[in-house]
Visitor: 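Below you will find the structure I want to go over with you.
So you know, we letter chains A, B, ... as the sequences are listed, proteins then strands, and number each from 1. Just so it is clear, the structure is predicted and the values come from calculations on it, not from any experiment.
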Amino acid sequence: MKPSIPKGTRDFSPTEVANRTYIINTIKTAFETFGFQPIETPSFEKSSTLMGKYGEEGDRLIFKILNSGNFFYEKDSIDLPESYEKLKFNSLDDLESKEKIELNRFTNRISGKALRYDLTVPFARYVVQHQNEITFPFKRYQVQPVWRADRPQKGRFREFYQCDADVVGSKSLWQEVEFIQLYDTVFTQLGLAETTIKINNRKILSGIAEVIGAQDKLIDFTVALDKLDKIGQEKVETEMLSKGITSAAIQKVQPLFSFDGNNQENLDALAKMLTTSEEGTKGVEELRFVINSISELGLQSASLEVDVTLARGLNYYTGAIFEVSAPKGVKMGSIGGGGRYDDLTGIFGMKDVSGVGISFGLDRIYLVLEELGLFKTVALPKPKVMFVNFGENEALYCMKAISQLRVKGIKSELFPDAAKMKKQMNYANKREIEFVVIVGSQEIENDEFTLKNMVSGEQSKCSLLELIQTLL
RNA sequence: GUGGUUGUAGCUCAGUUGGUUAGAGCGUCGGUUUGUGGUACCGAAAGUCGUGGGUUCGAGCCCCAUCUUCCACCCCA
């Protein structure tokens, strides 16, 4: 039987761990530079904490944990609900609400826990649960794995790391400004030039829906608009008409079709278009504040771009929406995302606490850096010196010296077996260990060591003191 | 969840229209060299051809199912 790991999971080699640690440390250092503090939460939560927070699609992707116990034993046995039979021949939508409740109750009996789906909802739970210990505004960061029962593909895994930074308890738009700076800082330090930070505002999307007179058509509208540079204005309008958006409505939002990437002009066009919508106008003002502040402060390597088709996280974002795309030419989805949610803790009973945050997708950033060859050669942890093992007496003599070296902080090890010289040298060579110490009866007699430099091939005899001095 | 794709030695891959005993390179181990690595030469071990069924005198190759890989859609990091 060949051993293997579950679909969508990965093993990491020493080199990969070193590279991942490098990325994580860069992100964590930036987080702390911006004043965030770390927290951690459990890898699994109660199902009730997670279910219903990510929309219907999200619920499907949550990994549920089976309760302990054997449901077929007499004493633990659970009867299948009657509506289960009906479900075999009907879709969920055909069931009566009473039957759905019965099914949910059954699910709760067999599964009450689920793996963390993201870091934002557990954070909201944390804030509500610890509200009396927290000083607001609370700035926390969190770097932990999350799990999704998704089908794997390029840059998509079932277990992956998110690196989140969020602020709760402040409605200040300076937070949005700082998060853009934070993105810029991290990607600049990673050498990932020319990332694009796309920004939108939920209030603008609501405003557009108001102007076209159809709140429920907003998704269809943005999806169609998103295709503008691929299929052209004419086909986009055709698609909108086919989705039931009137041509009068399309006329009202004509400026959207002539966006040219200049943020100021785009903002002006949006403002003009949304004058009749109070909420839309508010959104434009918010966006303008962020854009103007950033253009005053400047960015190192990223560019900030208004993108009205950005409609991610529509379920919970209420203000700014962020998404970071990889440098042009790299085929990869977003490597980061985030936004403002005015009432996230509301679902856990704590009203009127505004939050805003961003996330870095570690695994995708890894893939992008790898594709662009941006990993610096990370030094793998390895000993500086290896002692050849000739037998019990020699090994003991070596271990005494090794203890001294380790006290001095010199990474050193003894080859564990008295194997053939060739094998031992080969091992040192493969691991690219810089020095080898050879001790036989002769060296023991003279109380000395033979030190060999594996790069130059030179070797000489020396005392313990000289050994330490050379290796330090 | 929908559609496509992949699986042969530890790794990367050959394997003809279905036909004896499934090959190579790299790696591993041993030897040339019992206190000296990288190079060279010689040799060896290693595979239930993803798994389970089926067709056939005969299947790595054809059919079905299933798992896995990768990719697109949806959605997302």
Visitor: Rounding to an integer number of angstrom, what distance separates B:G60 and B:G19 when you compare their C1' atoms?
Guide: 13 Å
Visitor: Would you mind reading off the distance between A:Lys154 atom NZ and B:U6 atom P, rounded to a whole angstrom?
Guide: 19 Å
Visitor: Say you pick atom P in B:G10 and the same atom in B:U28; how far apart are they, in whole Å?
Guide: 15 Å
Visitor: Measuring only the C1' atom in each nucleotide, how far is B:C26 from B:G35? A whole number of Å is fine.
Guide: 31 Å
Visitor: Does the distance from a Lys or Arg side-chain N to an Asp or Glu carboxylate O, for A:Lys203 and A:Glu286, drop under 4.0 Å?
Guide: yes
Visitor: Distance between the P atoms of B:G52 and B:A72, in whole angstroms?
Guide: 32 Å
Visitor: Looking across every strand, which nucleic acid part, if any, lies under 4.0 Å from A:Thr9 by heavy atom: base, sugar-phosphate, or nothing?
Guide: nothing
Visitor: Write out the stems for RNA chain B, ordered by first number and formatted as range with range, counting runs of at least 3 consecutive Watson-Crick or G-U wobble pairs under 3.5 Å.
Guide: B:1-4 with B:70-73, B:10-13 with B:23-26, B:28-32 with B:40-44, B:50-54 with B:62-66
Visitor: Just the rounded figure in Å: distance from C1' of B:C29 to OH of A:Tyr427.
Guide: 18 Å
Visitor: What's the CG-P distance between A:Leu61 and B:G1, to the nearest Å?
Guide: 10 Å
Visitor: Would you indicate what A:Glu323 reaches in the nucleic acid, counting non-hydrogen atoms under 4.0 angstrom: base, sugar-phosphate, or nothing?
Guide: nothing
Visitor: Give A:Lys7 one of three labels, base, sugar-phosphate or nothing, depending on what nucleic acid heavy atoms sit under 4.0 Å from its own.
Guide: sugar-phosphate
Visitor: Report, as yes or no, whether the 6.0 Å neighbourhood of atom NZ on A:Lys46 holds more than 12 heavy atoms from other residues, nucleotides or ligands.
Guide: no
Visitor: Keeping to residues at least two apart or across chains, list the salt bridge (charged side-chain N to carboxylate O under 4.0 Å, His left out) pairs with something in residues 25-39 of chain A.
Guide: none
Visitor: With sequence neighbours excluded, give me every side-chain hydrogen bond (donor to acceptor under 3.5 Å, both in side chains) pair touching residues 330-348 of chain A.
Guide: A:Asp166-A:Tyr341, A:Glu176-A:Arg340, A:Thr318-A:Asp342, A:Arg340-A:Ser354, A:Asp342-A:Ser354
Visitor: Check RNA chain B against residues 139-153 of chain A and give the residues with a non-hydrogen atom under 4.0 Å, in numerical order.
Guide: A:Arg148, A:Arg151, A:Gln153
Visitor: Check the geometry between A:Phe160 and B:A77 and answer yes if their rings are stacked (centres below 5.5 Å, planes below 30°), otherwise no.
Guide: yes
Visitor: How would you list, by chain and number, every residue that makes a salt bridge (Lys or Arg N to Asp or Glu O under 4.0 Å) with A:Glu57, sequence neighbours excluded?
Guide: A:Arg60
Visitor: Which residues within residues 429-440 of chain A lie with some heavy atom under 4.0 Å of an atom in RNA chain B?
Guide: A:Asn429, A:Lys430, A:Ile438, A:Gly440
Visitor: Suppose we screen for salt bridge (Lys or Arg N to Asp or Glu O under 4.0 Å). Which residues come up paired with A:Arg116, at least two apart in sequence or across chains?
Guide: none
Visitor: With rounding to whole Å, what would you report as the distance between B:G43 and B:U33 at their C1' atoms?
Guide: 16 Å
Visitor: Quickly work out the A:Lys422 NZ to B:U33 P distance and round it to whole Å.
Guide: 11 Å
Visitor: In chain order, what residues pass the ring-ring contact (aromatic ring centres under 6.0 Å, His included) check against A:Phe36, with sequence neighbours excluded?
Guide: A:Phe179
Visitor: Counting the atoms with a prime plus P, OP1 and OP2 as sugar-phosphate, which does A:Gly338 contact under 4.0 Å by heavy atoms, base, sugar-phosphate, or nothing?
Guide: nothing
Visitor: Take atom C1' in B:C74 and the same atom in B:A59, then report the distance between them in whole Å.
Guide: 39 Å
Visitor: Starting at atom OH of A:Tyr317, determine the distance to atom C1' of B:C76, rounded to an integer number of angstrom.
Guide: 11 Å
Visitor: Considering residues at least two apart in sequence or located in another chain, which fulfil the salt bridge (Lys or Arg N to Asp or Glu O under 4.0 Å) criterion with A:Arg10?
Guide: A:Asp363
Visitor: When all nucleic acid strands are considered with a 4.0 Å heavy-atom cut-off, which category describes A:Gly457: base, sugar-phosphate, or nothing?
Guide: base
Visitor: So does A:Arg364 reach the base of B:C76 with its side chain, donor to acceptor, closer than 3.5 Å?
Guide: yes
Visitor: Holding to ring-ring contact (aromatic ring centres under 6.0 Å, His included), I want the full list of residues that pass it with A:Phe31, two or more places apart in sequence or in another chain.
Guide: A:Tyr141, A:Phe360
Visitor: Nearest whole angstrom, please: distance from the C1' of B:U36 to the NZ of A:Lys452.
Guide: 5 Å
Visitor: Nearest-Å distance, CG (A:Leu190) to P (B:A77)?
Guide: 19 Å
Visitor: Going by distance alone, is a donor N or O of one side chain under 3.5 Å from an acceptor N or O of the other, for A:Thr41 and A:Gln142?
Guide: yes
Visitor: When rounded to the nearest Å, what value does the distance between P atoms of B:G38 and B:U17 take?
Guide: 44 Å
Visitor: Without hydrogens or angle criteria, can the side chains of A:Asn453 and A:Glu458 be said to hold a donor-acceptor pair below 3.5 Å?
Guide: no
Visitor: How would you list all residue pairs meeting ring pair (Phe, Tyr, Trp, His ring centres under 6.0 Å) that involve residues 7-27 of chain A, not counting sequence neighbours?
Guide: none
Visitor: Residues two or more places apart in sequence or in another chain: which of them pass salt bridge (Lys or Arg N to Asp or Glu O under 4.0 Å) with A:Arg158?
Guide: none
Visitor: With RNA chain B as reference, determine whether A:Arg60 or A:Met421 sits nearer its 5' end, using the nearest nucleotide of each.
Guide: A:Arg60
Visitor: Does A:Lys420 have a side-chain nitrogen or oxygen under 4.0 Å from the phosphate oxygens OP1 or OP2 of B:U34?
Guide: no
Visitor: Do A:Arg148 and A:Phe160 form a cation-pi contact, if we require the NZ or CZ to be under 6.0 Å from the six-membered ring centre and within 45 degrees of the ring's axis?
Guide: no
Visitor: With rounding to the closest Å, how many angstrom separate the C1' atoms on B:C70 and B:A9?
Guide: 23 Å
Visitor: Give A:Tyr161 one of three labels, base, sugar-phosphate or nothing, depending on what nucleic acid heavy atoms sit under 4.0 Å from its own.
Guide: nothing
Visitor: For A:Gly55, report the nucleic acid contact type (base, sugar-phosphate, nothing); a contact means any heavy atom under 4.0 Å.
Guide: nothing
Visitor: What's A:Lys423 touching, base or sugar-phosphate or nothing? Going by heavy atoms closer than 4.0 Å.
Guide: sugar-phosphate
Visitor: Nearest-Å distance, CZ (A:Arg116) to P (B:A77)?
Guide: 15 Å
Visitor: Base, sugar-phosphate, or nothing for A:Gln459, non-hydrogen atoms under 4.0 angstrom?
Guide: base
